[in-house]
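In listed order, ligands and their atoms are each counted from 1. In this chain, numbering begins with 1 at the start of the sequence shown.
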Amino acid sequence: MVTEMDRRNPIIGISGNIIIDQGGIFPGYERAYVNNNYIHSVVRAGGVPVILPVVTDHKIIYQQVENIDGLIVSGGQDVNPLLYGEEPETKQGGIFPERDEFDQLLIKTTIEAGKPVLAICRGIQILNVAYGGTLYQDVSNKEGAFVKHEQAGGPSYATHTIQIEKGSLLETILGSECRTNSFHHQAVKDIAPGFKVTATAKDGIVEAIEKEDAYFVLGVQFHPEMMAEKHENMMNLFKALINVAKKLE
Ligand code: MN
């Protein structure tokens, strides 16, 4: 039986992606999906996960946002560099322009509705670009970059250090320094107007950003959903998102 308490658990939308079947009986078919550890993290943190499939009809995106209390922007493809005024360079990876359009509208609509946003990996990148920021098409383009940001170890391993800004939202969740996993070859270059950098790796690569005039619009370059099962501090990111989503009810 569903109780009133259950109904009050916040609904957390997770932006979807599309994967193309490589084999089986429908090779070449498109499937809408998210990695399952986003779902597990939201459930364990006390939220109700809902996958938001990639659509480009604005009316549908507005209704997706109406029906959620908080948003997780999931990882995936590189952002199209034309969106931030650059031609693709040789190290630029694969793009998905429909998803860029979807994510940008989904993010802006959710923020305008005053709902909390946790943007992960590609999520921090598209969040920054959506509000006028730029990216390094490859971290090696940044002068002085020396940290291995595409780690070779398993997804739950914390492999590099991040330093977190005093007084930031992220500091209240993770403290002033911690270790994270790292699976990215691009990174935030110029921060979008109205945002601030709130964590960096030892080589200065941006690892977190926050929107200045919002209580909970947080982008992280690492993958807390891959660490949350083994690292309680990463689970606390999801709990923090869900606590804010709850207060809005
Ligand atoms: Mn990194």
Side-chain angles (χ1 to χ4, degrees), residues 15 17 35 37-38 41 72-79 81 84 86 89 91-95 103 107 117-131 133-166 168-192 195-211 217-238 240-241:
S15 68
N17 197 357
N35 287 343
N37 45 23
Y38 290 104
S41 300
I72 293 173
V73 188
S74 67
Q77 298 86 348
D78 284 358
V79 174
Y84 50 92
E86 290 188 11
E89 297 165 4
K91 289 177 180 169
Q92 167 69 32
I95 59 167
D103 277 350
I107 288 167
V117 176
L118 174 60
I120 294 173
C121 198
R122 164 193 158 83
I124 186 181
Q125 297 169 2
I126 192 74
L127 170 65
N128 189 50
V129 170
Y131 283 88
T134 67
L135 304 177
Y136 288 108
Q137 290 187 36
D138 192 82
V139 288
S140 61
N141 292 347
K142 184 189 183 301
E143 208 177 321
F146 69 88
V147 172
K148 188 172 177 69
H149 289 281
E150 289 181 276
Q151 76 186 50
S156 68
Y157 294 144
T159 62
H160 75 58
T161 308
I162 63 167
Q163 280 156 325
I164 302 170
E165 273 315 298
K166 208 171 158 49
S168 64
L169 168 66
L170 192 63
E171 193 209 17
T172 67
I173 304 167
L174 293 179
S176 60
E177 187 176 292
C178 77
R179 293 201 172 140
T180 70
N181 60 7
S182 196
F183 291 96
H184 60 108
H185 84 103
Q186 299 199 323
V188 168
K189 184 164 63 180
D190 301 307
I191 183 94
F195 282 73
K196 58 186 177 188
V197 173
T198 58
T200 51
K202 296 271 186 179
D203 58 356
I205 288 289
V206 172
E207 293 283 344
I209 65 171
E210 294 174 24
K211 195 167 188 292
V217 175
L218 169 63
V220 295
Q221 188 57 73
F222 46 94
H223 279 280
E225 82 286 2
M226 292 176 171
M227 300 179 71
E229 202 176 328
K230 292 179 180 166
H231 303 262
E232 201 52 40
N233 61 343
M234 294 297 164
M235 178 51 69
N236 289 340
L237 271 170
F238 296 95
L241 171 75

When you measure from the Mn ion (ligand 1) to each N, O or S atom of His149, which atom gives the shortest distance? ND1
The Mn ion (ligand 1): angle it makes with NE2 (His184) and OG (Ser182), nearest 10 degrees: 90°
Less than 4.5 Å apart, any side-chain heavy atom of Leu127 and any of Lys211? no
Test Thr180 against every option in Gln151, Met226, His160 by the side-chain contact (heavy atoms from CB on, under 4.5 Å) rule and name the one that passes. His160
Which of Gln163, Glu210, Glu171, Glu165 passes side-chain hydrogen bond (donor to acceptor under 3.5 Å, both in side chains) with Thr198? It is Glu210
If we ignore angles and hydrogens, is there a donor and acceptor under 3.5 Å between the side chains of Glu225 and His223? yes
So what does the Glu207 OE2 - the Mn ion (ligand 1) - His160 NE2 angle come to, to 10°? 90°
